[in-house]
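Order of the sequence lines fixes the chain letters, A, B, ..., with proteins taken first and strands second; residue numbering starts at 1 for each chain.
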Protein chains: 2
Amino acid sequence: MSSQTPSQIRTEMLPGATPEVPVEAPAVAAPGSLVRMLEVLDQFTPDQPVIRVDDLQARLGYTKSTAYRYVKALCDAGLLAQASQGRYSLGPRIVELERLMRIADPLLQAGEAVLPELAAEMPNSMVLLCSLYRDKVLCVHREGPEAIEAGGRRISILRARGLPLPLFQGAASLVILASLPTPRIRALFVQRQAEMAAAGLGADWAAVRQRLAGIRRDGQVTTVGRFNRHLAAVSVPVRSRDGAQVAGSLTRIMPAEAYPGEDPALLLQRLQACAAQVSARLA
Amino acid sequence: MSSQTPSQIRTEMLPGATPEVPVEAPAVAAPGSLVRMLEVLDQFTPDQPVIRVDDLQARLGYTKSTAYRYVKALCDAGLLAQASQGRYSLGPRIVELERLMRIADPLLQAGEAVLPELAAEMPNSMVLLCSLYRDKVLCVHREGPEAIEAGGRRISILRARGLPLPLFQGAASLVILASLPTPRIRALFVQRQAEMAAAGLGADWAAVRQRLAGIRRDGQVTTVGRFNRHLAAVSVPVRSRDGAQVAGSLTRIMPAEAYPGEDPALLLQRLQACAAQVSARLA
DNA sequence: TTAACTTTCCCAAAATGTGGGAAACGGCGC
DNA sequence: GCGCCGTTTCCCACATTTTGGGAAAGTTAA
C-alpha cells in the first residue's frame, strides 16, 4: 500500500470496481497508530542505518510527542536502540529474534546438514537456499564461496542470508511460485498483475498459468545471464516432507560460461536429489 | 514488566517509593496498545517458535478481535508470518532487518577483518565479539571453531550471533560495563541493584564502584570456570576509534586446563592489540 | 459437499492516543 | 565544575481510535 502513490496509473481497472469515483476517495482506511508506529522500521536502510527523531517527524508527519512515543515503545521492546543523542538505530531484539528464527527454522537446519557436500562438488560455484514467507522470497542460507569468478570479474553475494529476492523474477523465486497451490497463485495474480507482467511472467491469467504450469512440469528453472550477466542459475523446489507443499528452493549458481557443462542433466539430477534430502530432514 | 507478576515479592523497596500504598495501586501506568502489541513478540521462544492466536488471547488477555488486529498489523509489517491456519511465526522482516544491521554495523565489519587471524593463532579456542545495545550485551560474532574440546567434553557455542549475555556476569559483559561512563553505571546501579548484588558485583555502590574501577585499571577480565566449568575466558574492551567510549568487547575462550598457559601476559597483550586493531577500523 | 475453524467486518461506547508547551534530563564546551 | 542547548519526558483536555461482542466471510480438512 505504501508503495502505491495515488498518482500511479493502474494498468487495468479491477472488474467490479466502482467507476467514476471522485479522485480523493481513499481506497484504504487510514492506518491506525499500530501500523503507523511500525512504519518507523521502514525508515532504516543500508545508507541510513541511524535515524534522527527529527527525520521521523519530517518523513512520517509525526509531531514531536508522537515520534518520541513511538520511538520509546520500540526502544522498550528492543527493536530500536539509542545510538547517540537524538539518533536511533535498529535494536538488539532484532538480532535476538533472528537467532531464534535461525534456531527454529527446520529448512535452515536441514540445509546446513545437506548443502555443504553439494556445494563442495563444484568449485567456483555456490548454493542458495531460499524460502517463501507470506509473499516474500528470502535467501535463507548460502553455502560455498562468497564470490564466483566469472566473465573476468569476481562476483560476490555477500551476506546472503536475509537478501530479499523479487517474487516474480529469478530462478529461485519462480520455482517456488510455480509450486504454490493454484488458488494462491490466482490470488497473487489478481493483486499484483502489473508486477507479474513487468517481470515477464505473462500479460494475462492464461499466460501466467501456462508459464507456471510449465515450470511445475519441468521441476526446475534455469536462467543464464538474468540475475547477473555472467552467472547461470539452476533452481529446484524443496518440498515439505509429505510433499504436499513447497518449503523453499535450492539453487546452484555458477559462471555462465560453465553452463551447460559436460552434463547439465546430471547437474539437475544432483540438485533434485539434494532437495529431496533436505525435504526428508524437515521436521 | 511482563515477567513480574503481582504476586512476586520485591526484594527491597526502592528508596523514595511511597510506602503504605494500597495493594492494587499500579506502580507503572497501564501499557498502551502500542506496547501491548509488541508484547506479542515476547511470546516466541526456541521451544515455541510458532504460536496460535488462541494462545495469545489466553496468555496476554486479548479478545479475539484484538489478538487478530495485533497479529495483522505485525504481519503486514512482516514481523510475523502465517505458518499455517491459526499459527504464526516470526516473519521475514526480522531476517531482513538483521541483515541490514549486519551490513551497517562497523564493529562487526572491523571484527570480520581482524578476528580470523587472531582466532587462527590458537587451536581449540574461539574468539567472541560482543556489543552493548542500550542495556543488553549481545554476542555479535564468533570466529574460530564452533566447539571446544575441554574436560573430555565437546562444548559448543553454536549460533553465537544474537546470543544474549547477562549484563552483570561474565568476562565479556563486565569489561564493557566497567568501561561505561560512571554516571551511566550509577544509573544502572540505582535501577538494578538487586541484580548486580546477585551477580556478585557488590552489595552497595561503593563495592560496585571499586570492583569496576579495578577492572578498568586492569583493562581486562579473566574468568576460569565461570561461564562453563571447563572453559576459561579472557576479555578486553574494544574502544571507539577516538578512544572516548566502549564499542564492545573481545573475548578469547579456551579450555580451562589450557589457562594459564606458557605466557598468559602474552595472550592478553595479543588480545589487546587486536582490540586496538578493531578500534582503528571503526568508521 | 458439509463441517469446523480461522479471519475479517461491523458499530456504539469508552478508552486511549494525540499534540502543544513546559519541565526535566543529559551531553558538551567553556 | 558550571552553564548552555538540544533531547526527552511529562502533563492534560479533547476527540480520534481502539475496543470487543457477535455475525459474516473465508479457508482447510474430511
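- Distances shorter than 4.0 Å separate some side-chain N or O of B:Tyr68 from OP1 or OP2 on C:dT7.
- Nucleic acid contact class of B:Tyr88 (heavy atoms, under 4.0 Å, all strands): sugar-phosphate only.
- In this structure, the CG atom of B:Leu180 is 14 Å from the P atom of C:dG26, given to the nearest Å.
- Looking at which nucleotide of DNA chain C each of B:Pro183 and A:Ser65 is closest to, the 5′-most match is held by A:Ser65.
- OP1 or OP2 of D:dT8 lies within a sub-4.0 Å distance of a side-chain N or O belonging to A:Gln82.
- Rounded to whole Å, atom P of D:dT28 lies 15 Å from atom CG of A:Asp242.
- A straight line from CZ of B:Arg186 to C1' of C:dG27 spans 19 Å, rounded to a whole angstrom.
- Atom P of nucleotide C:dT6 and atom NZ of B:Lys72 are separated by 18 Å, given to the nearest angstrom.
- Formation of a donor-acceptor pair under 3.5 Å by the B:Glu96 side chain with backbone atoms of A:Pro164 is not found in this model.
- Using a 4.0 Å heavy-atom distance criterion, A:Thr66 is classed as a sugar-phosphate-only contact.
- No hydrogens or angles were tested; on distance alone, nothing pairs the side chain of A:Ser33 with the base of C:dG17 as donor and acceptor under 3.5 Å.
- Nucleic acid contact class of A:Val53 (heavy atoms, under 4.0 Å, all strands): sugar-phosphate only.
- Taking the charged nitrogens against the carboxylate oxygens, B:Asp42 and A:Arg93 do have a contact shorter than 4.0 Å, which makes a salt bridge.
- Distance alone, capped at 3.5 Å, is enough to place a donor-acceptor pair between the A:Arg216 side chain and the A:Ala178 backbone.
- A:Leu107 and A:Ala247 get closest at one heavy-atom pair: CD2-O, 3.5 Å.
- The distance from atom CD of A:Gln85 to atom P of C:dG26 is 9 Å, rounded to the nearest whole Å.
- Whole-Å rounding puts the A:Met37 CE to D:dT17 C1' distance at 15 Å.
- Remark: B:Tyr70 is in phosphate contact with D:dT19, judged by side-chain N or O atoms under 4.0 Å from OP1 or OP2.
- B:Arg52 comes within contact range of the sugar-phosphate backbone alone, with a heavy-atom separation under 4.0 Å but no base atom that close.
- Closest to the side chain of A:Arg36, out of C:dG21, D:dT7, C:dT18, is C:dT18.
- The nearest heavy atom of DNA chain C to A:Arg69 and to B:Gly86 marks one nucleotide each, and the one closer to the 5' end goes with B:Gly86.
- Checked for salt-bridge contact, A:Asp135 and A:Arg184 miss the test: no charged N lies under 4.0 Å from a carboxylate O.
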